[in-house]
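Structure record follows, encoded as structure tokens.
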Amino acid sequence: MKWKLTLRFLRSVMTIVVIVGIVNAILFLSLFVIKVNNNNFGTEEASEEASAETFSRTFSQYVELQAGKPVVNEEGLKKLQEMSAWVQFLNDQGEQAAAFYTPEELKTEYSPIEIVQMYKYKELDARTTVFVSEAQHFSYFLGINNPKIGRYVMTYDYAKIFKDVNVFLFIFLIVDVLIVILIGFLFGKKLTAPLHTLIEGIQQLRERRFKKMPTPKGVYEDVFRNMNELSEKLDRHEEERKRLDQMREEWISNVSHDMKTPLASIQGYAEFINDSATDLTAQELQEYTSIIKSKSMYMKDLLDDLNLTTRLRNHQLSLQFEEVNLVQFLREMTIELLNDPTFGERQIEFEANMAKAMHKVDKKLLKRAILNLIYNALVHNDENVVVKIRVDTGPESHTRISISDNGQGISAKDLEQIFERYYRGTNTASKHGTGLGMAIARDIIWAHEGKLDMTSIENTGTTITILL
């Protein structure tokens with residue numbers, strides 16, 4: 001996988017550079033041919049009108065015939081002085097017919113080959129460039145004394161030029177390819193290295209190894225940061241899953257134990273009744289069947305709680321909402337508790353600072369949740385505990401229901417997990433219950449889009465606050 005990424009990047013870079021190289025080569029060849037054809041290899045360019053070549057070719061306009069000899073007019077003489085130039089006219093025999101501003105060492109008679117040599121090469125001196133032209137049927141040399149002006153005569157063979165160009169292009173392409181391979185490999189390795197790390201990170205996630213990767217600077221920074229955040233979240237979820245699995249196993253163990261005890265009682269009393277039915281009195285028979293019924297109801301309650309908490313957690317329970325005055329609702333619930341023989345002697349107080357608090361709720365489920373919270377305060381404290389139920393206005397105009405007691409309180413360790421489905425507090429081991437009451441209460445409040453909070457201090461008491 002690593003080499004695939006590197007080679008793909010390398011192919012892309014090579015393709016681009018090779019195309020650019022070919023285009024550059026064609027452009028260079030075109031410019032080279034244009035330069036050769038125009039003999040444009042001077043070190044200083046000038047405009048067409050002011051160039052020495054143009055001056056020499058158009059100098060004939062300043063030449064006149066007087067008595068059969070060429071004569072330069074005043075304007076032409078002035079131009080010669082401005083250009084630091086001289087002119088020498090030759091007849092058909094190569095003899096000097098006239099001269100203006102010529103140096104003393106200049107010849108007065110030339111053979112044809114000397115004329116060619118004078119034009120092609122600087123035969124006079126290194127500072128003077130000589131041009132050849134014709135005026136009034138006379139040939140003339142026009143020399144310009146200026147070291148900045150030069151003329152280069154080239155001879156070339158097209159076949160050799162194109163052969164050399166082919167060799168040049170071949171070398172050019174070879175060098176380009178080598179450079180592309182080297183640079184592409186180095187840059188490709190640098191750019192794809194973070195991808196290799198990223199692939200390894202994904203492999204670790206698949207293997208449930210949530211290791212944080214170092215975040216590089218550049219284009220991959222956001223990718224690595226997101227990957228690290230994902231790894232942290234998965235790590236937390238994995239720890240939570242392990243914790244819940246452990247709690248579930250402990251809870252199942254507790255529930256299994258709780259189920260075995262009533263089952264053993266039911267089985268034992270049922271066998272005893274079956275074996276000794278004729279010897280039992282009516283009172284004994286009623287006592288034994290009452291025990292069997294009680295144990296059966298406990299098992300039924302446990303199964304009902306399991307079903308309810310599962311449906312609440314998976315949002316499979318449809319709530320039957322109706323308009324309810326929570327003040328009256330909680331007052332009636334308090335009266336029911338005081339009329340219950342089990343809690344009739346307990347201290348339960350109700351207080352409200354409002355007459356009405358109208359809300360749409362599922363009465364049956366909300367009553368189940370609040371009773372679970374009240375039962376928790378009554379059952380897990382001694383008989384002298386005082387439970388206070390209060391209704392008032394909370395923050396942001398919410399209705400606040402608080403259930404507080406002055407009992408033994410809950411330890412900080414238990415308080416963190418008190419609402420978990422698979423958790424039973426350390427002070428509940430000897431109490432009769434399914435261990436699902438607090439989780440059911442929380443899920444019901446959440447189903448009403450409410451908030452539930454608990455604070456507790458050991459040996460001082462506990463307060464549960466509901467915001468609707």
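Along the sequence shown, residues carry numbers from 1. No hydrogens, no waters, no symmetry mates; every other heavy atom, side chains included, goes into these values.
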Does atom [atom1] of [X] have more than 12 heavy-atom neighbours, drawn from other residues, nucleotides or ligands, at distances under 6.0 Å?
X    : atom1 : result
Q283 : CD    : no
E345 : CD    : no
Q286 : CD    : no
L230 : CG    : yes
E449 : CD    : no

Stepwise side-chain contact (heavy atoms from CB on, under 4.5 Å) test for K451 and H398: CA-CA 10 Å; K451 296 179 181 179; H398 286 76; 5.7 Å; no
Would you mind reporting whether [Y] and [X] have side-chain heavy atoms less than 4.5 Å apart?
X    : Y    : answer
I401 : T465 : no
M438 : L373 : yes
P395 : R400 : yes

Inspect the contact between R390 and D392 and indicate whether a charged nitrogen and a carboxylate oxygen are less than 4.0 angstrom apart.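 Salt bridge: yes.
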Cationic N near anionic O, under 4.0 Å, E238 to R241: yes
Got a second to check how far [X]'s [atom1] is from [Y]'s [atom2], nearest 0.5 Å?
X    : Y    : atom1 : atom2 : answer
I370 : I389 : CD1   : CD1   : 8.0 Å
Q204 : M227 : CD    : CE    : 8.5 Å
M299 : D304 : CE    : CG    : 12.0 Å
E458 : D414 : CD    : CG    : 8.0 Å
T342 : L337 : OG1   : CG    : 10.0 Å
E383 : F343 : CD    : CZ    : 11.0 Å

Begin from the C-alpha positions of I291 and K295 and carry the test side-chain contact (heavy atoms from CB on, under 4.5 Å) through to its verdict. CA-CA 6 Å; I291 293 173; K295 301 299 182 182; 4.3 Å; yes
Side chain to side chain contact (heavy atoms under 4.5 Å, CB included), paired with D362, selected from K367, E322, Q320, R368: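 For D362, the side chain to side chain contact (heavy atoms under 4.5 Å, CB included) check succeeds only for Q320.
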Under the criterion side chain to side chain contact (heavy atoms under 4.5 Å, CB included), which of L366, I464, L467 is the partner of I445?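 Between I445 and the candidates, side chain to side chain contact (heavy atoms under 4.5 Å, CB included) is satisfied uniquely by L366.
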Within the distance-only criterion (no hydrogens, no angle test), does the side chain of Q408 pair as donor or acceptor with the backbone N or O of H380 below 3.5 angstrom?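 Between the backbone of H380 and the side chain of Q408 there is a qualifying donor-acceptor contact (under 3.5 Å).
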Considering all heavy atoms of both residues, which atom of [X] and which atom of [Y] are nearest to each other, and what is their separation?
X    : Y    : value
M83  : I144 : O-CG2, 3.5 Å
G461 : S456 : O-OG, 3.3 Å
A377 : V387 : CB-CG2, 4.0 Å
I266 : S296 : CD1-OG, 3.5 Å
G409 : T462 : CA-OG1, 3.6 Å
I444 : L365 : CD1-O, 3.3 Å

Set out, in order, the CA-CA distance, both residues' side-chain angles and the distance that settles side-chain contact (heavy atoms from CB on, under 4.5 Å) for T393 and T399, then state yes or no. CA-CA 5 Å; T393 302; T399 297; over 6 Å; no
ring-ring contact (aromatic ring centres under 6.0 Å, His included) for F55 and F131? Distances and angles first, verdict last. CA-CA 10 Å; F55 175 69; F131 299 91; 9.0 Å; no
Hits for ring-ring contact (aromatic ring centres under 6.0 Å, His included) against Y269, two or more places apart or cross-chain, chain-then-number order -> Y288
Do any pairs count as a ring pair (Phe, Tyr, Trp, His ring centres under 6.0 Å) and have a residue in residues 350-370, sequence neighbours left out, and if so which ones? none
Kindly indicate, with the supporting measurements, whether the criterion side-chain contact (heavy atoms from CB on, under 4.5 Å) is fulfilled by Q267 and E271. CA-CA 6 Å; Q267 183 180 3; E271 290 177 354; 3.3 Å; yes
Without placing hydrogens or testing angles, list every side-chain donor-acceptor pair under 3.5 Å for residues 324-332, not counting sequence neighbours.
{"from": "N325", "atom 1": "OD1", "to": "V327", "atom 2": "N", "distance (Å)": "3.2"}
{"from": "N325", "atom 1": "OD1", "to": "A357", "atom 2": "N", "distance (Å)": "3.0"}
{"from": "N325", "atom 1": "ND2", "to": "A355", "atom 2": "O", "distance (Å)": "3.4"}
{"from": "Q328", "atom 1": "NE2", "to": "E332", "atom 2": "OE2", "distance (Å)": "3.1"}

